[in-house]
Amino acid sequence: MANFIPFFFFLSALMLVGASSSSREMSPVGYWNKLLPRTPIPTSLHAFLPKDIDDPSQTKYFGILRSRGCTGGDYDAYKRGTTLDQLEGNSETNFFFLKNNLKPGSKTKKLDFVKKVHLTSGWPTLLPRREAQGFPFSSSKLADILKRFSLDPNSADASIVKHTLEDCEMEANKGETRYCATSLESMVDFAVSQLKTNDLQLLTYSFVNKEEREPKSRVYTVQPGVVELELPSSQAVVCHIQSYPYAVFHCHMTINTKSYIVPLVAEEDGIRVSAGAVCHTDTSSWNPNHASMLVLGIKPGTPVCHFLSHGHFVFVPNSAS
């Protein structure tokens, strides 16, 4: 039963929880557990939480900025184009594939779900909502933002910050709702408000038979048992990590998409992965030079799929499974 709490009662509870501002404010994880009691936080999302999220003295929040090619932050910027030269060496594009590659026996390109490149310097951190709200988040406040994070206005980091803010302010595609979540709490609020239920599951990736102790790129084979989630085409909220001094997730309520759970086995060492995947069934309005079009050698209108690597999540109603 998807709406296991009647939704109008749930919205009232949501408002009360959000309005609470006592000195002992609920932690982000506590907020998640309160609003999504049937949805455990997956390991891949835990990587974006402070190591001790309940320690108010923790101040080391801000990660190292990375080029957008490392995070795949342009998955949802369908109107943006690029070039093959700009994509050269970007392993994130390996996560794109065509729908017929969901058939058992199909081979993937080399995929690094955990992204070894981030392990030495860490991932950006999701701030508690109150702290995130203390920072301006608008391209009109760019100078102030750069000053707060001691970023040179002429640096590559400043350009990345500007690009992320502009993406967050970009007009939504027809029929979609977009939102940049700057905290775990705001991500939860957006997913629940769009899907109109708090009985959700979160699609990501997970290693089934072994822990990934030494992340590496592997070629995987699709196994029998691919599950297509049965839900209306609009019932999914997809969130993508962006490049910013702290964790920002660009979330959007999708239309014309299908969601899958795909069993994969690595050829070289037998590592098994349960991988979430999304297929966009109508790309007719996409830029013909979008990264997916270039790497797959296709034109707008052709369905485009991608596996969910680290930092990419899909919320769907539990009734979809």
Considering residues at least two apart in sequence or located in another chain, which fulfil the side chain to side chain contact (heavy atoms under 4.5 Å, CB included) criterion with [X]?
X    : result
T83  : D85, Q86
D282 : N256, S284
S44  : P42, T204, Y205, H310, F313
N100 : L98, K103

Donor-acceptor contact below 3.5 Å, side chain [X] vs main chain [Y]:
X    : Y    : result
T164 : S243 : yes
E230 : E228 : no
S193 : F190 : yes
S155 : A158 : yes
T302 : I298 : no

Centres of the [X] and [Y] rings: under 6.0 Å?
X    : Y    : value
F135 : Y244 : no
F307 : Y220 : no
F95  : F113 : yes

Within this structure, what is the [atom1]-[atom2] distance for the pair [X] and [Y], rounded to the nearest 0.5 Å?
X    : Y    : atom1 : atom2 : answer
T39  : N318 : OG1   : CG    : 6.0 Å
L111 : F97  : CG    : CZ    : 9.5 Å
C239 : L202 : SG    : CG    : 8.0 Å
L294 : T93  : CG    : OG1   : 10.0 Å
L195 : F315 : CG    : CZ    : 8.5 Å
L200 : L35  : CG    : CG    : 10.0 Å

Could I get the full list of salt bridge (Lys or Arg N to Asp or Glu O under 4.0 Å) partners for [X], not counting sequence neighbours?
X    : value
K141 : none
K99  : none
E169 : none

Within 45 degrees of the ring normal and closer than 6.0 Å to the centroid, is that where the cationic atom of R129 sits relative to Y31?
yes
Under 4.5 Å between side-chain heavy atoms, counting indirect links through other Ile/Leu/Val/Met/Phe/Trp/Tyr residues: same cluster for V227 and L203 or not?
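Linked within one cluster.
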Check the side chains of H312 and H240 for a donor-acceptor pair under 3.5 angstrom, ignoring hydrogens and angles.
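Yes, because at least one side-chain N or O of H240 sits under 3.5 Å from a partner of the opposite role on H312.
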Looking only at the side chains, is there a donor atom on one of E92 and S309 sitting less than 3.5 Å from an acceptor on the other?
yes
Please report, to 0.1 Å, the donor-acceptor pairs under 3.5 Å made by any side chain of residues 142-154, with sequence neighbours excluded.
unit_1, atom_1, unit_2, atom_2, d
R148, NH1, G134, O, 2.9
D152, OD1, N154, N, 2.9

State, yes or no, whether a side-chain contact exists between [X] and [Y] at a heavy-atom distance under 4.5 Å.
X    : Y    : value
P245 : V161 : yes
L184 : F48  : no
L36  : I41  : no
M293 : K299 : no
L45  : W32  : yes
L165 : S138 : no
S274 : I261 : yes
V295 : L87  : yes

Side chain to side chain contact (heavy atoms under 4.5 Å, CB included) assessment of T281 paired with K258
CA-CA 7 Å; T281 57; K258 293 184 179 296; 4.1 Å; yes
Sequence-distant partners of [X], side chain to side chain donor-acceptor pair (under 3.5 Å), two or more places apart:
X    : result
S292 : H290
E267 : K107
S106 : none

R218/E268 salt bridge by N-O under 4.0 Å criterion
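Salt bridge flag = no for R218 with E268.
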Looking at D112 and K216, is there a salt bridge between them, counting it only when a charged N and a carboxylate O are closer than 4.0 Å?
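Salt bridge absent between K216 and D112.
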Atom NZ of K162 with >12 non-hydrogen neighbours under 6.0 angstrom
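Counting neighbours around NZ of K162, 12 or fewer heavy atoms of other residues, nucleotides or ligands fall under 6.0 Å, so no.
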Would you sort out whether F249 and Y179 count as a ring pair (Phe, Tyr, Trp, His ring centres under 6.0 Å), showing the intermediate values?
CA-CA 8 Å; F249 283 87; Y179 175 71; over 10 Å; no
Would F137 and T182 satisfy side chain to side chain contact (heavy atoms under 4.5 Å, CB included), going step by step from the backbone distance to the final call?
CA-CA 9 Å; F137 192 80; T182 59; 4.2 Å; yes
Can V314 and L308 be said to form a side chain to side chain contact (heavy atoms under 4.5 Å, CB included), step by step?
CA-CA 8 Å; V314 177; L308 300 172; 3.6 Å; yes
Disulfide bond (SG atoms under 2.5 Å apart): pairs with one or both residues in residues 127-169, sequence neighbours excluded
C168-C180
Should L127 and S183 be marked as a side chain to side chain contact (heavy atoms under 4.5 Å, CB included) after you check the CA-CA gap, both sets of side-chain angles, and the distance that decides it?
CA-CA 5 Å; L127 303 184; S183 67; 5.7 Å; no
Could you point out which residue of H280, H252, M253 forms a side chain to side chain contact (heavy atoms under 4.5 Å, CB included) with V238?
H252
